[in-house]
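Numbers here are sequence positions counted from 1. All values below were derived from every heavy atom in this structure, side-chain atoms included, with hydrogens, water molecules and symmetry-related copies excluded.
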Amino acid sequence: MGTDAEIIVVKDPPALAETAARTIVDEAREAVVTRGRFTIALAGGATPRETYERLALPPLRDEMSWDRTWVFFGDERAVGPDDPESNYRMAREALLSRVPIAPDRIVRMRGEADDRDAAAADYARTLADVFQTRRGELPRFDLVLLGLGVDGHTASLFPGSPVLKEVFRPVAAVHAAAAALPERLTLTFPVLNAASRVLFLVTGAEKAKVVKTVLGDEALLPAGMVRPAGGRLTWLLDRAAAALLPAAGGG
Ligand code: 6PG
């Protein structure tokens, strides 16, 4: 597949959750059939919660091979796993505690670590172990879920951050001055762009302007720099988020 983005517009957040959860199940099935397992990086923020809740309910929940699924995270705030701001906590509450997945298949980022550079290096080591990559090789996720901030950030890759230029480390500790919780851990572009498939989940009128910018000609914002080289890129939007795109509609 090339790097052109496929844009899917659905009616509203429930329709987006349904479509996204179904996409996860389909990607998981294909990955398990072809590679014997499914590796996914979850998005944080609020948008994916409903998708995770759908995936945790029958019938979709029963279509997943949970014993062959590995769950990672795209980013984490510098908080502990029980903090209300923890991306891991959201995923645990909405999905992971509700499905039969073994705890050792869930690899959370240790946002609470005093030494977040060490936590990033640990996460990179775990990725290398699970994906059995050698030094210099990148993990290839079957599916990476991402969100979009109104400033164009995705994962914890914020505009102007030095981490945007990262070419080697798959995981980094970052300071995002503009964010309410500025200290974070994040996957970097090399990993996102090595994925087999990337799926952005975006809802709401407040995102319409940035969606238009990111998907327009000047894709210079971090979310626009996600272009999986040998993978498939899908933007899943609800109508409100797609409202300013030239051919808005669908769904
Ligand atoms: C985070 C995220 C971040 C998020 C966007 C959108 O930890 O903050 O992973 O990149 O996806 O900020 O967040 P909402 O879905 O809450 O709008």
Checklist outcome for this item: Only residue of R108, R89, R92 satisfying salt bridge (Lys or Arg N to Asp or Glu O under 4.0 Å) with D82 is R92

Checklist entry - With a 3.5 Å cut-off and no angle check, do the side chains of D142 and S196 form a donor-acceptor pair? => result no

Item to check | Backbone N/O of R169 and side chain of T188: donor-acceptor pair under 3.5 Å | outcome: yes

Item to check | Pair T234-R197, side-chain donor/acceptor within less than 3.5 Å | outcome: yes

Item to check | Mutual orientation of the aromatic rings belonging to F72 and F131 [parallel < 30°, tilted 30-60°, perpendicular > 60°] | outcome: tilted

Item to check | Lys/Arg-Asp/Glu bridge criterion (N-O < 4.0 Å) met for R116, E183 | outcome: yes

Checklist entry - Do V171 and M109 pass the side-chain contact (heavy atoms from CB on, under 4.5 Å) test, and can you show the C-alpha distance, the side-chain angles, and the key distance before you say yes or no? => result CA-CA 10 Å; V171 191; M109 290 177 167; 4.1 Å; yes

Checklist entry - Got a donor-acceptor contact below 3.5 angstrom from the D238 side chain to the A15 backbone? => result no

Item to check | Whether over 12 other heavy atoms sit under 6.0 Å from D104 CG | outcome: yes

Next on the checklist: Would the distance check show the side chain of K11 and the main-chain N or O of R239 forming a donor-acceptor pair, the cut-off being under 3.5 Å?
Outcome noted: no

Next on the checklist: Using 30° and 60° as the class boundaries, would you call the ring planes of F200 and W235 parallel, tilted or perpendicular?
Outcome noted: parallel

Next on the checklist: Tell me whether E206 at atom CD has more than 12 heavy atoms from other residues, nucleotides or ligands lying less than 6.0 Å away.
Outcome noted: yes

Item to check | Atom of A41, atom of L187 and distance for their closest heavy-atom approach | outcome: CB-CD1, 4.1 Å

Checklist entry - Is there a donor-acceptor contact under 3.5 Å linking the side chains of T186 and D75? => result no

Next on the checklist: Looking at E137 and R134, would you say the former's side chain and the latter's main chain have a donor-acceptor pair under 3.5 Å?
Outcome noted: yes

Item to check | CZ/R68: more than 12 non-hydrogen atoms of other groups inside 6.0 Å | outcome: no

